[in-house]
Amino acid sequence: MDTKYIFVTGGVVSSLGKGIISASIGKLLQARGYKVTIQKFDPYINIDPGTLNPYEHGECYVTEDGMETDLDLGHYERFTGIHTTRYNSITTGRIYKAVIDRERRGDYLGKTIQVVPHITDEIKRRMLREDEQLQTKKGGTAAASPGSQYDFIITEVGGTIGDIESAPFMEAIRQLRWQLGRDAVCVHLTYVPYLKAADELKTKPTQHSVKELQGMGIQPDILVLRTERHLDDSMRLKVASFCNVDLECVVQSEDMPSIYEVPVNMQRQGLDAAILRKIGIPVGETPAMKPWHDFLDKQRNATREVHVALVGKYDLQDAYKSIRESLNLAGIYNGVKTKLHFVNSEELTKENVATRLEGMAGIIICPGFGQRGIEGKIVAAEFSRTHDIPTFGICLGMQMIVIEFARNVLGYKNATSSEFVSTSSEDKMHQLVIDLMEEQKDITQKGGTMRLGAYDCELVEGSRTSEAYGGKALISERHRHRYEFNNAYKAEYETAGMKCVGINPAAGLVEIVEIPSLRWYIGTQFHPEYSSTVLHPHPLFMSFIKACI
């Protein structure tokens with residue numbers, strides 16, 4: 001069949017959960033046997049979120065092909081198991097840069113460049129995945145038409161209807177709706193607030209949001225109403241009547257005990273069936289989704305709590321979103337509820353570390369950039385090492401484990417990373433056990449220039465890490481860093497008891513360190529949290545939680 005397109009927009013307020021709804025739609029269509037991909041269009045002018053502060057934007061998610069993207073792509077992958085790429089994440093910055101580069105080359109033959117048609121045409125090209133199509137043809141496996149390797153392409157547009165910066169995206173969707181006819185569906189997510197004083201739910205914000213969307217020339221086919229209280233049929237009928245939408249196409253998204261309950265809730269209300277009917281595809285039987293329901297049963301039955309500390313500097317849960325979800329998933333599959341406690345590394349000292357980490361069954365030394373909070377991470381690494389508490393250092397966390405070991409076991413009191421010293425004279429005063437990668441030394445641009453994406457790693461046979469991966473000799477994991485373990489010190493570490501058990505075969509870089517004499521003490525230069533999904537939790541997180549139990 002021809003590719004079908006689903007556009008997901010949001011109204012009233014932001015942070016309603018468009019990413020979760022998009023991922024849920026993808027999961028439900030996937031369960032029906034369709035090949036699905038999901039993409040995020042963000043209206044901000046940054047080229048990508050790679051240089052954005054986590055306090056502003058949450059974590060930066062990295063695809064296998066090395067694109068720094070919005071954290072919603074993590075939801076897409078965790079729910080559906082698909083592997084997203086650079087084609088799944090587009091910003092206004094990338095759109096404008098592509099058009100401006102073309103203008104500078106003279107491709108427009110001197111024409112005046114305007115938002116309509118030039119910017120909107122570029123947005124439409126990306127929504128139809130024509131860039132990916134071109135790349136596929138170059139690889140010698142051309143598909144018949146744009147996007148035709150997929151049955152459904154789901155496009156989520158960030159922000160809220162009425163935002164100035166999202167207007168070109170809305171215009172592109174309006175044009176595509178006419179161009180694609182029945183092959184396109186618009187799902188609009190809005191908020192139905194509850195006024196406690198009046199003891200009433202109010203649909204007026206939804207009506208205004210839909211009216212604003214209609215004013216842009218887009219009639220939503222399906223409305224998903226975000227609500228904290230159950231909406232009765234009369235309320236849904238009122239929304240359907242005022243917004244020109246079929247009653248069966250008004251679906252409510254109530255607060256659920258877990259985001260992983262949302263696809264089942266959407267299926268129960270017939271969201272996927274409504275989409276198929278709108279497009280003109282026979283609905284057929286409702287999929288059983290047995291593996292997903294089995295997972296939910298495990299989640300409901302996991303009542304015993306295991307307490308894990310996240311030692312980092314970003315006191316915002318979205319800053320470590322994938323790590324949090326990976327720990328939760330691993331807990332569920334180990335039959336426990338993972339209770340996470342954020343411990344601010346800026347406030348952690350040798351004097352208070354025992355108090356702050358009291359009662360923790362395991363410790364995560366979190367990733368990050370810059371000098372702020374690193375001494376607290378080193379203090380946490382020493383405490384967990386000397387008290388034999390299961391410890392997992394990720395990216396910068398792994399580097400802090402390495403520095404702590406150098407200072408307190410190898411006796412290098414000035415051990416540090418070249419990230420934290422500024423001049424060559426200072427370098428000579430320190431032992432740089434973590435150093436800038438050779439290929440990074442001439443780079444001045446910050447955006448998109450790190451070691452990004454999936455790289456191979458050879459595991460040492462018999463190591464705890466190898467056991468966690470089921471005895472595999474070669475793995476592939478995603479990276480996001482500029483600094484690396486300094487191989488000049490490798491022999492000293494090995495002799496003193498910290499083993500380098502994961503090596504990149506192409507460059508000889510140390511990817512994984514562990515201390516075999518401890519219960520579970522492992523650091524990875526890569527980010528395993530990016531490849532943990534609902535149905536396939538990451539083996540390292542599974543092994544870590546097992547050690548915590």
Side-chain angles (χ1 to χ4, degrees), residues 19 23 37-40 48-52 54 57-89 312 318-327 329-330 364-369 392-399 437 439-440 446-459 465 468-469 472 474-485 501-507 509-513 522-544:
T37 193
I38 315 175
Q39 55 193 3
K40 176 76 181 284
D48 56 51
T51 53
L52 284 177
H57 202 73
E59 78 169 0
C60 178
Y61 190 80
V62 178
T63 61
E64 284 192 343
D65 65 342
M67 187 71 192
E68 293 171 297
T69 72
D70 182 77
L71 60 79
D72 275 323
L73 270 72
H75 292 311
Y76 304 162
E77 291 205 11
R78 276 188 292 276
F79 275 59
T80 65
I82 63 175
H83 292 288
T84 55
T85 69
R86 63 185 61 251
Y87 301 109
N88 292 73
S89 177
D318 277 357
Y320 306 113
K321 188 65 178 175
S322 291
I323 292 174
R324 286 175 171 273
E325 293 305 321
S326 297
L327 288 166
L329 294 174
I364 300 284
I365 314 290
C366 290
F369 295 92
F392 195 173
I394 298 173
C395 198
L396 182 69
M398 176 262 210
Q399 295 173 6
M437 297 175 68
E439 62 264 32
Q440 292 285 324
K446 295 293 183 192
T449 56
M450 283 184 272
R451 187 173 191 245
L452 293 165
Y455 288 87
D456 287 342
C457 176
E458 289 178 342
L459 302 180
T465 305
Y469 278 98
K472 283 185 181 178
L474 185 70
I475 59 169
S476 177
E477 295 283 4
R478 303 181 210 184
H479 292 249
R480 185 176 183 245
H481 64 104
R482 296 185 194 279
Y483 296 85
E484 62 174 333
F485 182 97
V501 297
I503 308 292
N504 174 257
L509 302 180
V510 174
E511 305 273 23
I512 310 170
V513 296
I522 293 173
T524 64
Q525 186 58 73
F526 52 78
H527 289 262
E529 69 271 19
Y530 291 149
S531 45
S532 198
T533 69
V534 172
L535 299 183
H536 297 98
H538 195 282
L540 281 178
F541 285 100
M542 287 288 288
S543 178
F544 170 71

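Qualifying ring-ring contact (aromatic ring centres under 6.0 Å, His included) partners for Tyr530, counting only residues two or more places apart in sequence or in other chains: Tyr61, His527. With sequence neighbours excluded, no residue satisfies ring-ring contact (aromatic ring centres under 6.0 Å, His included) with Tyr483. Partners of Asp48 according to the side-chain contact (heavy atoms from CB on, under 4.5 Å) rule, which considers only residues two or more places apart in sequence or in another chain, are Met67, Glu68.
In this structure, CD on Glu325 lies 5.0 Å from CZ on Arg78, to the nearest 0.5 angstrom. For the atom pair Ile394 CD1 and Ile365 CD1, the distance stands at 10.0 Å (nearest 0.5 Å). Expressed to the nearest 0.5 Å, how far OG1 of Thr37 lies from OH of Tyr87 amounts to 12.5 Å. In this structure, CG on Leu329 lies 7.5 Å from OG1 on Thr533, to the nearest 0.5 angstrom. Ser326 contributes atom OG, which lies 4.5 Å from atom CZ of Phe541 (distance to the nearest 0.5 angstrom). Here the straight-line distance linking atom CD of Glu77 with atom OG1 of Thr63 works out to 8.0 Å at 0.5 Å rounding.
The shortest non-hydrogen separation linking Tyr469 to Lys472 is O-CG, 3.4 Å. Between Ser89 and Leu73 the shortest heavy-atom distance is CB-CD2, 4.1 Å. In terms of heavy-atom proximity, Cys366 sits nearest to Tyr320 at CB-CE2, 3.5 Å. In terms of heavy atoms, Asn504 sits closest to Glu511 at CB-OE2, 3.4 Å. Considering every non-hydrogen atom in both Pro539 and Ala468, the closest pair reads CB-O, 3.2 Å. Residues Phe369 and Leu396 share a closest heavy-atom pair of N-CD2, 4.2 Å.
For the pair Thr69/Asn88, no side-chain contact is recorded, criterion being any heavy-atom separation below 4.5 Å from C-beta on. Under the 4.5 Å side-chain criterion, counting only non-hydrogen atoms from C-beta, Ile475 is in contact with Phe526. For the pair His57/Asp70, a side-chain contact is recorded, criterion being any heavy-atom separation below 4.5 Å from C-beta on. Here the side chains of Thr524 and Cys457 are not in contact, with every heavy-atom distance at 4.5 Å or above. For the pair Ile503/Val510, a side-chain contact is recorded, criterion being any heavy-atom separation below 4.5 Å from C-beta on. His538 is listed as a side-chain neighbour of Pro528, based on a closest heavy-atom distance under 4.5 Å. In this structure the side chain of Phe544 never reaches within 4.5 angstrom of the side chain of Ile522, judged on heavy atoms. Side-chain contact between Met398 and His481: absent, with no pair of heavy atoms (C-beta onward) separated by less than 4.5 Å.
In the model, Glu59 has a side-chain atom that pairs as donor or acceptor with a side-chain atom of Ser322 under 3.5 Å. Of the N and O atoms on the side chains of His83 and Asp65, not one donor lies less than 3.5 Å from an acceptor on the other residue. Glu477 and Ser531 share a donor-acceptor pair across their side chains, judged by distance under 3.5 Å alone.
Test Lys40, Lys321, Gln39 against Asp72 for side chain to side chain donor-acceptor pair (under 3.5 Å) and you get one pass: Lys40.
Between Glu529 and Arg480, no side-chain nitrogen of the basic residue sits less than 4.0 Å from a carboxylate oxygen of the acidic one, so the salt-bridge criterion is not met.
Ring orientation note: the planes of His479 and Tyr455 are nearly perpendicular, at an angle over 60° on the 30°/60° scale.
In this structure a side-chain-to-backbone donor-acceptor pair under 3.5 Å is missing from Gln525 to Phe485.
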Begin from the C-alpha positions of Glu64 and Arg478 and carry the test side-chain contact (heavy atoms from CB on, under 4.5 Å) through to its verdict. CA-CA 6 Å; Glu64 284 192 343; Arg478 303 181 210 184; 3.4 Å; yes
